[in-house]
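The structure under discussion appears below in the form of structure tokens.
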Protein chains: 2
Amino acid sequence: MSNLQDSDPLIIKALRGKGYKATPQRIAIGQFVLHNHAHPTAQRIYSEVKKVYPTVSLATIYKTVQILKEVGLIQEFNLEKDQARFDPNMEPHAHLVCLQCKSINDCTDPMISEIVDRMSNEVDFSAGEWNFNIFGICSNCRRKKSICD
Amino acid sequence: MSNLQDSDPLIIKALRGKGYKATPQRIAIGQFVLHNHAHPTAQRIYSEVKKVYPTVSLATIYKTVQILKEVGLIQEFNLEKDQARFDPNMEPHAHLVCLQCKSINDCTDPMISEIVDRMSNEVDFSAGEWNFNIFGICSNCRRKKSICD
DNA sequence: CTGTCTGCAAAGACTTTGCAGGTTC
DNA sequence: GAACCTGCAAAGTCTTTGCAGACAG
């Protein structure tokens, strides 16, 4: 991953644009999350960033992801009640969550916003953001399973 | 609500059907959640059941909602990361969440399962349950707001 | 009467907060 | 140099667990 630093200017610009300082820790955390589409938890970000920044603390991870949300670089969502997850994909999308391997894949379909609009109109609701999490078994896991049967 | 007790036989049957004892606390908790479509949190269930059962404990609420889920009477879902919510509506449905008054309304549309199927087919995913939470402003709140403007 | 359940208190998991020393701009 | 940030430790919130006395079947 020699191009990890490519996102530095973007992160620095986003931070400074809202008056936040571009510290090495924030950049490292931003880099990791922006390049990670596995929807990491705070713990996971901490473990990974620690490899580069051994002194980083979990408190800094939590403070930083809030800032990265605020400057519009990442989104937060919850699958389980006890753990927040972070997502660099800022486009509206659903999540396909494999109950077996725990993988989470993004999935988009223009129909989703159509349905949101239709349901909202029915009850005169002004819809904004939405979360759409679909639980099941991914193709990899089903393939493995059928071999074992 | 003179017909609250009407659901007793249903709750008792569901509990005993899976080998659970039908205690007064469980019936009271089941009654409250089955008749409450405001998607209460554990705390809310606790506060309400306490009015009828002053000695009930939060631990019993938590243990009981897990059992009610297991016997198929209620569902659990999460809007915010820090609080579970419980729902007696066992049909697949979306939630319209008002960011102003915090109300949560159920909403169904047959198209949703069509989209779930379509997205699943595209990536060979076996979809099961899903959560669809849509955030926005409900009609009541928008009406109030436009009066104030 | 036996196995299960309740309610208390303590523990557990994740997240937030307060603050002294260090860093950014 | 001033304001902000980091990392530690402590606190906070929701939820789970362990256990002695109580209850359902």
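Chain letters run A, B, ... following the sequence lines, proteins first, then strands; residues in each count from 1.
- With no hydrogens or angles considered, no side-chain donor-acceptor pair links B:N131 and B:H95 at under 3.5 Å.
- Within a 6.0 Å sphere centred on CZ of B:R44, other residues, nucleotides and ligands contribute 12 heavy atoms or fewer.
- In this structure, the helix from C:dC1-D:dG25 to C:dC25-D:dG1 shows an angle of 40° between the axis at its start and the axis at its end, each fitted on 5 base pairs and rounded to 10°.
- From the 5' end on, the contacts that DNA chain D makes with chain B at under 4.0 Å to a non-hydrogen atom open and close at D:dC14 to D:dG25.
- Annotation: side chain of B:V52 is not in contact with side chain of B:Q31 (no heavy-atom distance under 4.5 Å).
- In this structure, the side chain of A:T23 engages the main chain of A:R26 through a donor-acceptor pair within 3.5 Å.
- Using a 4.5 Å heavy-atom threshold, the side chains of B:H93 and B:D87 count as touching.
- For DNA chain D, the residues of residues 15-29 of chain B within the heavy-atom distance limit of 4.0 Å (strictly under) are B:R16, B:K21, B:A22, B:P24, sorted by number.
- A:R85 places a side-chain heavy atom less than 4.5 Å from the side chain of A:L79.
- Taken residue by residue, residues 73-90 of chain A places heavy atoms nearer than 4.0 Å to DNA chain C at A:D82, A:Q83, A:A84.
- Ring-plane geometry between A:W130 and B:F132 is classed as perpendicular, the angle between the planes exceeding 60 degrees on a 0 to 90 degree scale with a lower cut at 30.
- Taking every heavy atom of residues 56-69 of chain A and every atom of DNA chain C, pairs under 4.0 Å involve A:A59, A:Y62, A:K63, by number.
- The nearest whole Å value for the distance from the OH atom in B:Y46 to the C1' atom in C:dG7 is 9 Å.
- Side-chain contact annotation: A:N78 with B:E80, donor-acceptor N/O pair under 3.5 Å absent.
- The side-chain heavy atoms of B:N140 and B:R143, taken from C-beta on, include a pair separated by under 4.5 Å.
- Counting only heavy atoms from C-beta outward, the side chains of A:L10 and A:L34 approach each other to under 4.5 Å.
- Across all strands shown, A:T55 has heavy atoms under 4.0 Å from sugar-phosphate atoms exclusively, and none from any base.
- Evaluation of the salt bridge (charged side-chain N to carboxylate O under 4.0 Å, His left out) test over residues 9-25 of chain A, restricted to residues two or more places apart or in two chains, returns none.
- Using a 4.5 Å cut-off on side-chain heavy atoms (C-beta onward), B:V49 and B:Q25 make no contact.
- Residues B:I134 and A:F125 meet the side-chain proximity criterion, which asks for heavy atoms closer than 4.5 Å.
- B:Q75 and B:N89 are not linked by any side-chain donor-acceptor pair at a separation below 3.5 angstrom, with hydrogens and angles left out of the test.
- Side-chain contact between A:E76 and A:V65 is absent, with no heavy atoms from C-beta onward closer than 4.5 Å.
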